[in-house]
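A short write-up of the structure that comes next.
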Amino acid sequence: MQGQSQQQAYDRGITIFSPDGRLYQVEYAREAVKRGTASIGVRTPDGVVLAVDKRFRSPLEERSSVEKIHKADDHIGIASAGHVADARQLIDFARRQAQVNQLRYGEPIGVETLTKDVTDHIQQYTQVGGARPFGVALIIGGVEDGEPRLYETDPSGTPTEWQALAVGSGRSEMLDHLEENYREEMDLDGGIGLALETLATATDDAIEASGTGVATIDVETERFRQLDDDEIESYLDEQDLDVDESDDE
């Protein structure tokens, strides 16, 4: 009982390390990320792909109101997994940082610079009393000086660069799939196909275009672009991942 009461004391204090060097609230924030719907990032020589599972709670819900992919700047996109409200706060912060950099230096912000600005902001919430960590992980992808870059932010405030990654529910299975099938030389279309295949491993049901979000930032234009449902449907058909409409009738 005494050990349990001691753990509860460390649970309540975000700024207090437990005797074994853990911050329980940060670990709980990571658990919140694991409960979120899946998001995928794939980096190819031609650009970056972001793909997300936009799960709906009810057929009455307006599908356009479910946002998991966001444009941070013309050349940077962000996908999230975890608490949606926390994600929106961090994405608004990222957009402000991008605008400040443009006004101050007259040039677009670098993907690495923006990621570290965001993670510095996240880290402050792991050592300030009266606040809690952000219960969300972000995938930040974009093109910097002609090079595609892909990063993950963690609730602890740690930035990590990846070739391909997954966050959210089913992360282990998705990472296994990416490790087995990722090829450094694949083109952007191949990256989209791999991202959708990986997304399908996180659910037992077939995925459909209206419940999936895909965005790309290609090296040639260095512009963020979201695919519409028809484009996503064509990729699902190619990968044989589309749902049979007759099964829903």
Side-chain angles (χ1 to χ4, degrees), residues 32-44 46-71 77-84 87-88 91 136-141 148 150 152 162-183 186-218 224-249:
V33 173
K34 293 178 183 178
R35 293 174 179 269
T37 53
S39 293
I40 313 289
V42 177
R43 189 184 77 192
T44 76
D46 295 336
V48 173
V49 178
L50 302 175
V52 299
D53 176 8
K54 299 191 297 182
R55 198 168 300 168
F56 303 105
R57 292 172 294 178
S58 167
L60 300 176
E61 190 173 12
E62 283 288 351
R63 301 198 168 195
S64 61
S65 68
V66 179
E67 295 181 293
K68 286 200 61 183
I69 294 182
H70 304 260
K71 177 180 175 181
I78 299 178
S80 65
H83 285 296
V84 175
R88 290 191 64 85
I91 289 159
V136 66
L138 303 179
I139 299 175
I140 302 178
L150 186 67
E152 175 192 10
W162 294 77
Q163 293 176 309
L165 77 150
V167 294
S169 177
R171 176 184 172 107
S172 296
E173 293 82 359
M174 292 188 292
L175 282 177
D176 288 344
H177 185 82
L178 288 170
E179 289 171 2
E180 291 174 8
N181 296 280
Y182 177 79
R183 301 290 180 270
M186 66 173 53
D187 59 16
L188 200 60
D189 285 342
I192 294 172
L194 175 60
L196 291 172
E197 280 182 6
T198 305
L199 206 59
T201 65
T203 177
D204 296 330
D205 303 322
I207 60 177
E208 51 185 314
S210 60
T212 306
V214 178
T216 62
I217 307 95
D218 67 272
F224 173 91
R225 187 177 80 87
Q226 279 195 268
L227 277 62
D228 59 33
D229 285 355
D230 291 338
E231 290 177 289
I232 296 172
E233 187 68 46
S234 68
Y235 282 104
L236 293 176
D237 288 340
E238 288 178 14
Q239 303 294 324
D240 196 25
L241 297 171
D242 58 321
V243 62
D244 186 353
E245 296 293 341
S246 62
D247 292 343
D248 295 336
E249 297 179 354

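Start at 1 with the first residue, then count along the sequence.
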Is there side-chain contact between L227 and T216, with heavy atoms separated by less than 4.5 Å? yes

Using every non-hydrogen atom in the two residues, find where L236 and A209 come nearest and quote the distance to one decimal. CD1-N, 3.5 Å

Test side-chain contact (heavy atoms from CB on, under 4.5 Å) applied to I69 and Q226, step by step: CA-CA 8 Å; I69 294 182; Q226 279 195 268; 4.0 Å; yes

Can you confirm whether I139 sits close enough to I78 that some side-chain heavy atom of one is under 4.5 Å from a side-chain heavy atom of the other? no

Measure from the side-chain N and O atoms of R171 to the backbone N and O of A166, and report whether any donor-acceptor pair falls under 3.5 Å. yes

Please report the shortest heavy-atom distance between L150 and V48, naming the atom on each side. CD1-CG1, 3.8 Å

Looking at CD of E179 and CD of Q163, how far apart are the two atoms once the value is rounded to the nearest 0.5 Å? 10.5 Å

Decide yes or no for E152 and W162: does some side-chain heavy atom of the first lie under 4.5 Å from some side-chain heavy atom of the second? yes

Counting only N and O atoms by type, is there a donor-acceptor contact under 3.5 Å from the side chain of Y182 to the main-chain atoms of V42? no

Non-hydrogen atoms of F224 and I217 that approach each other most closely: CA-CG1, 3.9 Å

Closest non-hydrogen atom pair, S169 against M174: O-CE, 3.3 Å

Using only heavy-atom distances, determine whether the side chains of T212 and K54 contain a donor-acceptor pair under 3.5 Å. no

Flag for K68-T37: side-chain donor and acceptor within less than 3.5 Å: yes

Heavy atoms of T44 and D187 approach each other most closely as CG2-O, 3.7 Å

Under 3.5 Å, sequence neighbours excluded: what are the donor-acceptor pairs made by side chains of residues 189-202?
| from | atom 1 | to | atom 2 | distance (Å) |
| --- | --- | --- | --- | --- |
| D189 | OD1 | Y235 | OH | 2.5 |
| E197 | OE1 | H177 | NE2 | 3.4 |
| T198 | OG1 | L194 | O | 2.7 |
| T201 | OG1 | T198 | O | 2.5 |

Which residues share a side chain to side chain contact (heavy atoms under 4.5 Å, CB included) with E67, sequence neighbours left out: H70, R88

Separation between OG of S39 and CG of L138, rounded to the nearest 0.5 Å: 9.0 Å

Quick one: does E231's side chain get under 4.5 Å of R225's, heavy atoms only? yes

Which atoms form the tightest heavy-atom contact between G41 and L50, and what is the distance? CA-CD2, 4.3 Å

Side chains of D46 and D218: does their closest heavy-atom pair fall under 4.5 Å? no

